[in-house]
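Beneath this line is the structure, given in structure tokens, with notes to follow.
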Amino acid sequence: TTFAELLNASESRFGPELAVLVETLRSIRPMQVRNVATIGGSICSSLPFFDLPTALVALEAQVRVVGPSGERVIPIEDFLVDFFLTDLKPGEFVSEVQIPKPSARTSGAFRKLETNSVDWALVNVAVQLGKHGNEMRNVRVALGGAVGRKVIRARSVEGLLESQRASQENISKASQAVSNDVKPEGDFRASSEYRTEVLKVYVRRCLESALSRMG
């Protein structure tokens with residue numbers, strides 16, 4: 001399945017519950033890449049610079065693999081091991097990516113920073129959360145780009161938000177804690193310090209966007 005095929009199906013069928021997936025697919029450019037690149041290829045490359053794996057981690061996706069010993073279903077966080085390294089064993093191949101159906105009053109968002117329209121992400125952020133009354137529930141914040149050797153969960157941010165009131169104050173405070181979860185790499189495109197500050201801003205914006213979709 002190509003990015004374009006999934007996007008075409010997603011835009012007409014998915015509501016706020018899978019907004020993070022739609023936003024991620026729309027952000028992948030140029031169009032030639034969306035028309036050719038596949039879902040399986042994106043995750044099997046196991047590069048944190050790609051956008052889709054970050055969204056799939058936020059969505060708690062699972063990877064179904066088939067091989068000589070039968071089939072396995074692996075949480076994508078465990079499937080992605082390192083640069084260019086997945087949990088695939090010799091003779092296995094990916095047959096399916098499964099995304100659990102989000103419950104009602106759930107939404108997400110995606111943001112990334114790039115130097116131009118065809119660049120890999122300096123950083124990218126995907127969030128998914130639910131809302132019960134005015135409290136945030138099942139908060140997941142995934143970070144990609146040059147943040148490490150695989151997509152990373154911002155567990156400090158998640159912990160500060162879980163079961164807390166959905167307020168601007170709580171979101172702003174929790175977003176600052178992303179620096180406890182990751183120390184981005186620095187290179188000629190951006191320093192580690194700059195990437196960290198961008199992550200704080202993008203985590204906050206994603207959380208705000210996701211909550212706004214739920215009203």
Side-chain angles (χ1 to χ4, degrees), residues 6-7 10-11 14-28 42-43 48-62 75-77 80 97 99-114 121-148 150-182 184 195-215:
L6 182 57
L7 179 59
S10 303
E11 288 181 311
F14 299 154
E17 295 84 0
L18 287 172
V20 62
L21 181 62
V22 175
E23 281 191 342
T24 303
L25 293 168
R26 285 176 179 167
S27 75
I28 298 172
S42 177
I43 63 172
F49 308 106
F50 289 171
D51 299 319
L52 188 60
T54 308
L56 293 176
V57 168
L59 287 167
E60 299 184 80
Q62 296 182 314
I76 191 162
E77 286 184 74
L80 304 171
V97 176
I99 299 175
K101 183 179 180 179
S103 58
R105 296 280 286 168
T106 302
S107 190
F110 177 84
R111 296 287 187 279
K112 73 173 176 179
L113 177 67
E114 54 195 354
L122 277 73
V123 294
N124 59 35
V125 176
V127 308
Q128 183 78 2
L129 74 158
K131 197 174 177 184
H132 181 74
N134 197 36
E135 290 185 357
M136 294 171 282
R137 299 287 177 86
N138 301 317
V139 182
R140 291 177 65 89
V141 180
L143 313 174
V147 298
K150 57 181 286 186
V151 177
I152 295 172
R153 290 270 299 283
R155 296 186 184 275
S156 296
V157 179
E158 296 171 354
L160 288 170
L161 293 174
E162 189 64 37
S163 299
Q164 298 300 306
R165 186 167 58 89
S167 68
Q168 184 65 52
E169 179 182 359
N170 286 338
I171 290 172
S172 297
K173 180 181 178 180
S175 300
Q176 296 298 308
V178 73
S179 57
N180 298 329
D181 297 306
V182 64
R195 283 185 166 98
T196 301
E197 292 304 311
V198 171
L199 283 172
K200 294 176 183 179
V201 174
Y202 278 19
V203 167
R204 175 176 56 79
R205 289 180 180 176
C206 282
L207 291 166
E208 292 171 345
S209 180
L211 287 170
S212 70
R213 290 188 169 114
M214 290 183 279

* Pair Val20-Val127, side chain to side chain contact (heavy atoms under 4.5 Å, CB included): steps then yes or no -> CA-CA 7 Å; Val20 62; Val127 308; over 6 Å; no
* To do: Under the side chain to side chain contact (heavy atoms under 4.5 Å, CB included) rule, what do Leu211 and Ile171 come out as? Steps first, then yes or no, please.
  => CA-CA 10 Å; Leu211 287 170; Ile171 290 172; 3.2 Å; yes
* Asked: Is a side-chain N or O of Ser209 found less than 3.5 angstrom from the main chain of Arg205, in a donor-acceptor match?
  -> no
* Asked: Mind checking what makes side chain to side chain donor-acceptor pair (under 3.5 Å) contact with Gln176, not counting sequence neighbours?
  -> none
* To do: Report yes or no: does Arg195 contribute a side-chain atom to a donor-acceptor pair with the main-chain N or O of Leu122 at less than 3.5 Å?
  => yes
* Asked: So which of Arg137, His132, Lys131 actually passes side chain to side chain donor-acceptor pair (under 3.5 Å) with Glu135?
  -> Arg137
* To do: To the nearest 0.5 Å, tell me how far Lys101 NZ sits from Glu17 CD.
  => 8.5 Å
* Taking atom OG of Ser42 and atom CG of Asp51, what is their separation to the nearest 0.5 Å? -> 8.0 Å
* With rounding to the nearest 0.5 Å, note down the distance linking CG in Leu59 to OG1 in Thr54. => 11.0 Å
* Structure fact -> The side chain to side chain donor-acceptor pair (under 3.5 Å) partners of Asn170 (sequence neighbours excluded) come to Ser167
* Would you mind reporting whether Gln168 and Arg204 have side-chain heavy atoms less than 4.5 Å apart? => yes
* Mind checking side-chain contact (heavy atoms from CB on, under 4.5 Å) for Leu7 and listing every partner two or more places apart, or none if nothing turns up? => Glu11, Val22, Leu25, Arg26, Arg34
* Asked: Where is the tightest heavy-atom contact between Lys200 and Val178, given as atom of each residue plus distance?
  -> CG-CG1, 3.5 Å
* Return yes if some donor-acceptor pair links the side-chain N/O of Lys112 with the main-chain N/O of Ser27 below 3.5 Å, else return no. => yes
Distance-only check: which donor-acceptor pairs under 3.5 Å involve side-chain atoms of residues 139-146, not counting sequence neighbours?
unit_1: Arg140; atom_1: NE; unit_2: Val57; atom_2: O; d: 3.2
unit_1: Arg140; atom_1: NE; unit_2: Ala58; atom_2: O; d: 3.2
unit_1: Arg140; atom_1: NH2; unit_2: Val57; atom_2: O; d: 2.7
unit_1: Arg140; atom_1: NH2; unit_2: Glu77; atom_2: OE2; d: 2.9

* Qualifying residues under side chain to side chain donor-acceptor pair (under 3.5 Å), relative to Ser212, sequence neighbours excluded -> none
* Please name all residues satisfying side-chain contact (heavy atoms from CB on, under 4.5 Å) with Pro16, sequence neighbours left out, ordered by chain then number. => Ser107, Arg213
* With sequence neighbours left out, write down each residue that passes side-chain contact (heavy atoms from CB on, under 4.5 Å) with Leu160, or none if nothing qualifies. => Ala174, Ala177
* Locate the shortest heavy-atom distance separating Ile152 from Gly148; write the atom from each residue and the value. => CD1-CA, 4.2 Å
* Structure fact -> Those residues at least two apart in sequence (or on a different chain) that pass side chain to side chain donor-acceptor pair (under 3.5 Å) with Ser156 are Asp181
* Over all atoms of both residues, closest heavy-atom pair of Ala126 and Ala55 -> CB-CA, 3.7 Å
* Asked: If you look at every heavy atom in Leu113 and Tyr202, which pair is closest and at what distance?
  -> N-CE2, 3.6 Å
* Structure fact -> So the salt bridge (charged side-chain N to carboxylate O under 4.0 Å, His left out) pairs with at least one residue in residues 164-177 (sequence neighbours excluded) are none
* Out of curiosity, Asn138 CG to Leu161 CG, how far, rounded to the nearest 0.5 Å? -> 12.5 Å
* List for me each residue that meets salt bridge (Lys or Arg N to Asp or Glu O under 4.0 Å) alongside Glu162, sequence neighbours excluded, and say none if there are none. => none
* Which distance, rounded to the nearest 0.5 Å, do you find between the CD1 of Ile28 and the CZ of Phe50? -> 9.5 Å
* To do: Test side chain to side chain contact (heavy atoms under 4.5 Å, CB included) on Ile43 and Val97 and set out the steps.
  => CA-CA 9 Å; Ile43 63 172; Val97 176; 3.7 Å; yes
* Asked: Can you name the salt bridge (Lys or Arg N to Asp or Glu O under 4.0 Å) partners of Glu158, sequence neighbours left out?
  -> Arg153
* Asked: Lys150: what forms a salt bridge (Lys or Arg N to Asp or Glu O under 4.0 Å) with it, not counting sequence neighbours?
  -> none
* Structure fact -> Value for CG (Leu21) from CD (Gln128), rounded to nearest 0.5 Å, stands at 9.5 Å
